[in-house]
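We name chains A, B, ... by the order of the sequence lines, and we start the count at 1 in each one. Since we're looking at a predicted model, the values are computed, not measured. All values below were derived from every heavy atom in this structure, side-chain atoms included, with hydrogens, water molecules and symmetry-related copies excluded.
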Number of protein chains: 2
Amino acid sequence: MLDPVSRVRRFNRAVTSAVGALDNSFLGRGRPLGAARVLNAIGHGRSDVAEIRDYLGLDSGLMSRLLRTLEDEGLVETTAHADDARRRVAKLTRTGRREFAAYEALSNAQAEGFLARNAQAEALLAAMDMVASALTRERVVLDEMDPQSEEARYCLGEYYAELGRRFKQGFDVSLSRDPDAKDMRRPRGTFIVAMSDTLPIGCVGLKGTDRGYAEIKRLWVAPAARGLRLGRRLMDAAEAAARELGIALLRLDTNSALPEAGQLYRTTGWREIPRFNDDPYPDLFFEKRI
Amino acid sequence: MLDPVSRVRRFNRAVTSAVGALDNSFLGRGRPLGAARVLNAIGHGRSDVAEIRDYLGLDSGLMSRLLRTLEDEGLVETTAHADDARRRVAKLTRTGRREFAAYEALSNAQAEGFLARNAQAEALLAAMDMVASALTRERVVLDEMDPQSEEARYCLGEYYAELGRRFKQGFDVSLSRDPDAKDMRRPRGTFIVAMSDTLPIGCVGLKGTDRGYAEIKRLWVAPAARGLRLGRRLMDAAEAAARELGIALLRLDTNSALPEAGQLYRTTGWREIPRFNDDPYPDLFFEKRI
DNA sequence: GATGATATCTGACTAAAGTCAGACATCATG
DNA sequence: CATGATGTCTGACTTTAGTCAGATATCATC
């Protein structure tokens, strides 16, 4: 009853019935679930027919028929793909967008209802983030993004907030050497965000300099995503990007108040070096030749 | 993307696909999901056909046919109910138990695999408990149980551990007036456990005395279940039980290090009274006439 | 023991989901 | 431009799920 496996299974039972309830509310719009799922996949930006089929795990025959019924209802239009006329691209018509919005409203209402029923919403959301991150860990994708994109700014905000909590003296961005966004764009550097579905759960910056090396900056992993070895994946991706950009030497600075970071660097081929800048926050400096 | 509703919806998507994967592994045993579900419901102790039908939300015709296919496979036997021959009772045959065990093994393997893939298992399990409790809050049932049952002892263990964390000086059960189990059994008193599915998530004891009042003891709500107003429900149930037992006056002691408890008592008709025992831990005393 | 209620079962459906083989157009390649 | 590969579509299925109207047996009650 109380062993870990039972707890996981209790969780499974609880969410199974919640998921079933949401499916039921979708049926309320008088369309079989299969068609509703295709409509929603298109609404969420999946346009390539093969991609949708793959995402929903449908047979090509079935997929084709579902698309046909949506076309007959006037909700979807399909056209040949611009680069390859064998492939088909689906998009919503005006009516289709309206119908999609109705499904979105159902989903949102369900989520809002759930939140409204529960006090302690923040603790609950943090728990849901954690579970969702663990469930989708195989599907975390690392995307290179502009350091001023919404996703990147979210990560950086969380990162600064965490430093503020972790450092005894707090953390004030303006005192730190805040890297210029332009140094973290190709071809000088890059900025990588780890996305779990639509939620950014980690980031790392590669900042180009004119001093014969590039710096790793802003490595952050969301609390909900710790234990998934995401820090390592982000560092690997940053190194790979550096190699692509012809960078041979990497440096970084960190603080001993972040022991898990130091640990990661030490076990992945970085070696400690003397201070190489005058930023007030770091007290540990590393270098890696790649 | 980052608003609460989106986070809930991301969670929904994550668990939807996890649930789908488990359903798929069930299909691997060559039996449609409907039949597998009935078999598993019986295996988990639901024997009454009407109860299973209700639990799974099936039409009586469909239920009947699913039972027939399981009987034809030799997995299930149905007999008339001892008290009412209209009702049917299903039980697994020897082969049925073996088949049920195979499904259990699949579920367990899935859960174990999930746990094995994730470090930080305890944090993750706590998060899953919290989410599951929130999802099933309408289905929390309060059961009177023996204070020495496994469920009760689990609750008490968690309760003591929490006091140890909350009290500056720690908490040692042996120093406290640990109520005798026999005082928390009918007809002197009772012990109530809040069960969410198979997990105990809260408890309260009603301890009979020979001093003209009964005491409320061991009110505990699992961290994962806070915010569900469970404390209030437990107290209401304890009062109702006291009334049933002809008890007119209730007392309890608590500690100001547990502010949410004091808050609950004050808002539910309890009034503070002078110390009425010499237990070293409490510093607040309440009374309520019912 | 007649009567209405209850629990299950059967027959006769429909709808939805899924499978599979081939048809057809298009693509990449030599 | 012939050839094999790829992506989608159609037709012809099967299986699963679900619905509904009686039929049948049993129960509680008068």
Verdict with supporting geometry, A:Leu92 and A:Leu75, side-chain contact (heavy atoms from CB on, under 4.5 Å) | CA-CA 6 Å; A:Leu92 299 184; A:Leu75 303 173; 5.6 Å; no
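- The two residues B:Ala152 and B:Pro147 have their closest heavy-atom pair at CB-O, 3.4 Å.
- Defined by atom type and a distance below 3.5 Å, a donor-acceptor pair is present between the side-chain atoms of B:Ser196 and B:Thr136.
- Counting all heavy atoms, side chain and backbone alike, B:Ala237 lies closest to B:Leu142 at CB-CD1, 3.7 Å.
- In terms of the side chain to side chain contact (heavy atoms under 4.5 Å, CB included) criterion, residue partners of A:Asp197 (sequence neighbours excluded) are, by chain and number, B:Arg10, B:Arg13.
- The stretch residues 33-68 of chain B comes close to DNA chain C through B:Val49, B:Ala50, B:Arg53, B:Ser60, B:Gly61, B:Ser64, B:Arg65, B:Arg68, each having a heavy atom under 4.0 Å from the strand.
- By the neighbour-count criterion of 12 heavy atoms within 6.0 Å, atom CZ of A:Arg229 is sparsely surrounded, having that number or fewer from other residues, nucleotides or ligands.
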Would you mind writing out the side-chain donor-acceptor pairs for residues 60-67 of chain A within the sub-3.5 Å range, not counting sequence neighbours?
residue : atom : partner : partner atom : Å
A:Ser64 : OG   : A:Arg68 : NH2          : 3.4

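- Between B:Phe11 and A:Phe11, the two ring planes are perpendicular [angle over 60°; tilted spans 30° to 60°].
- A donor-acceptor pair shorter than 3.5 Å cannot be found between the side chains of B:Thr69 and B:Asp72.
- For DNA chain D, the contact window with chain A, defined by any atom under 4.0 Å from a protein heavy atom, covers D:dA5 to D:dA12 in 5' to 3' order.
- Within a heavy-atom distance below 4.0 Å of DNA chain C, the residues of residues 71-92 of chain B found are B:Arg86, B:Arg87, B:Arg88.
- Within the structure, every pair that satisfies the side chain to side chain donor-acceptor pair (under 3.5 Å) test and touches residues 35-46 of chain A, not counting sequence neighbours, is listed here: A:His44-A:Glu104.
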